[in-house]
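Positions are given from 1 along the sequence. Because the structure is predicted, anything quoted here is derived from the model rather than measured. Counting convention: from 1, in listed order, for ligands and their atoms alike.
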Amino acid sequence: MSDAIGAMRARDEIIQRLGHIIALLDWDLHTYIPPGGMDERSHQNALMEGLLHERIVDPVWDELFAGVGYGEGKVPAGLSEIDAAFLREAHRRWSRQTRVSKDLVEKIAREQALSQAAWMEARKTDDFSRFRPHLETMVALKRDYATAIDPGRDSYDVLLDEFEPWATGAQIDEVFSGLEKGLKDLLRRIVAAGPPVTDFLEKPFAVDKQDAFGRRIQEYMGYDFENGRLDISAHPFTTTLGPRDVRVTTRYDERNVLSGLFGNIHEAGHGLYEQGIGKELRGTLLADGTSMGIHESQSRFWENVVGRSYAFWEHWYEDFRARFLEQLSDVPLEDFHKAVNRVKPSLIRVEADEVTYGLHVIARFRLERALISGDLAVADLPAAWNDAYRSLLGVEPPSDADGCLQDVHWSAGLFGYFPTYALGNLYAAQFVISMEEDMGPLDDMLRKGHPAPILGWLREKIHRHGRVYSAGDLCVRVTGSPLDPGHFLAYLESKFGAIYGF
Ligand code: ZN
């Protein structure tokens, strides 16, 4: 059996390398490519994707799985934990990709290009009717896609599997119901307490100084520039180009100093996860975040729990203020910290704060689940969206451009992606409880400016395991219980109670 697993590992190594080459082409596409290079790049990308796909669906995998007696509920006995995880993930990848016909894959790819172009136009002109036929086609295609993979399962769950493997819509729905109630109650009290002063943040902050401070914080977090780098792109992202090459990007806006800084911290949080994958997993399909929710737990832990905490700024504010005396010389730490944590119900998800963010996600999760199940017709989406915003956030979208047309995801067919954003916050809060049980208060470490034990704990408990454990199993292993939104709500209650004085 070890021969057969060895043969699979050798094949997987090539698949991983091809994936990293595609990631490099993609990284360049979003950072340094000159406009003239775009056209050839799209051909290069299509060629590489084709080569990768051939390797993944190669019929030899069928023989190899049969050779070790794996498949249709059968798992060979006596496997190591890592080999068992390797087989589970290799089989999942192979079966998902072989069940979808080439014809359907091509149809979806074509429709993605058309649908995204129509979405951009519809958003620009605030005209949902231009996007509507494309979204109808995309919903139908993604249903076909889910049915092809597993006709016996709920379609939304099959789609969710791509982002949050082994989770179900029903589980998430239950978690989100508890979250909704707690967030709405907290938000009501925050709004009643009145807004903090934030005008000093609206002044211009020089971009080169933002970059210098952002890099300093990434180093402090432990992001390894010997095995990574930071560049600029329109939308920040993290990408792995090889076992020792994990890159992050950010963007800076002179008029929004927090967006650049928290982008730096967020992406470095993702980068630390990928840089911390165990040596024995590197270069294999297990060398990845186990789910997008867990990946987001890492980025959001550093961004929100660390980067927006009072203890973090107790250590860093003097340094930050010295770089921006013109803007901050008369702003005390307390006021700065309050401004960094301003909570305000708004229309736009990407600008949302820690408290309202989850409500934006809950709206999208419910709507996309209803679109896929057929309970909600695409034609009724704008009205359903506005109802959801009224009920969850108490705001009224004045237009579809600031309503159901604001995100790119659905035009790209990415159904099942949204919930992972909120799950990240929930997982992070639950992990912190265990971290503090093991090491004492997080704030003590942050106040001293010593985050090394924090990173050490994350490496040991989460990063090094890559995809060996599913998100649900990892959560139980690390914290002793399944995901419970109560921990996140308790964290928010204590933090925002102190800031807003209730
Ligand atoms: Zn992220």
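- Note on the Zn ion (ligand 1): protein N/O/S atoms under 2.8 Å are H266 NE2, H270 NE2, E296 OE2.
- Between D407 and R364 there is a side-chain heavy-atom pair separated by less than 4.5 Å.
- Relative to the ring axis of W166, R92 places its NZ or CZ within 45° and under 6.0 Å from the centre.
- Classification of R123 and D400 as a salt-bridged pair fails, no side-chain N sitting under 4.0 Å from a carboxylate O.
- When the ring pair (Phe, Tyr, Trp, His ring centres under 6.0 Å) test is applied to H409, the partners found at least two apart in sequence or on another chain are Y417, F418, Y421.
- Remark: W27 pairs with Y32 by the ring pair (Phe, Tyr, Trp, His ring centres under 6.0 Å) rule, at least two apart or across chains.
- F496 pairs by the ring pair (Phe, Tyr, Trp, His ring centres under 6.0 Å) definition with nothing, not counting sequence neighbours.
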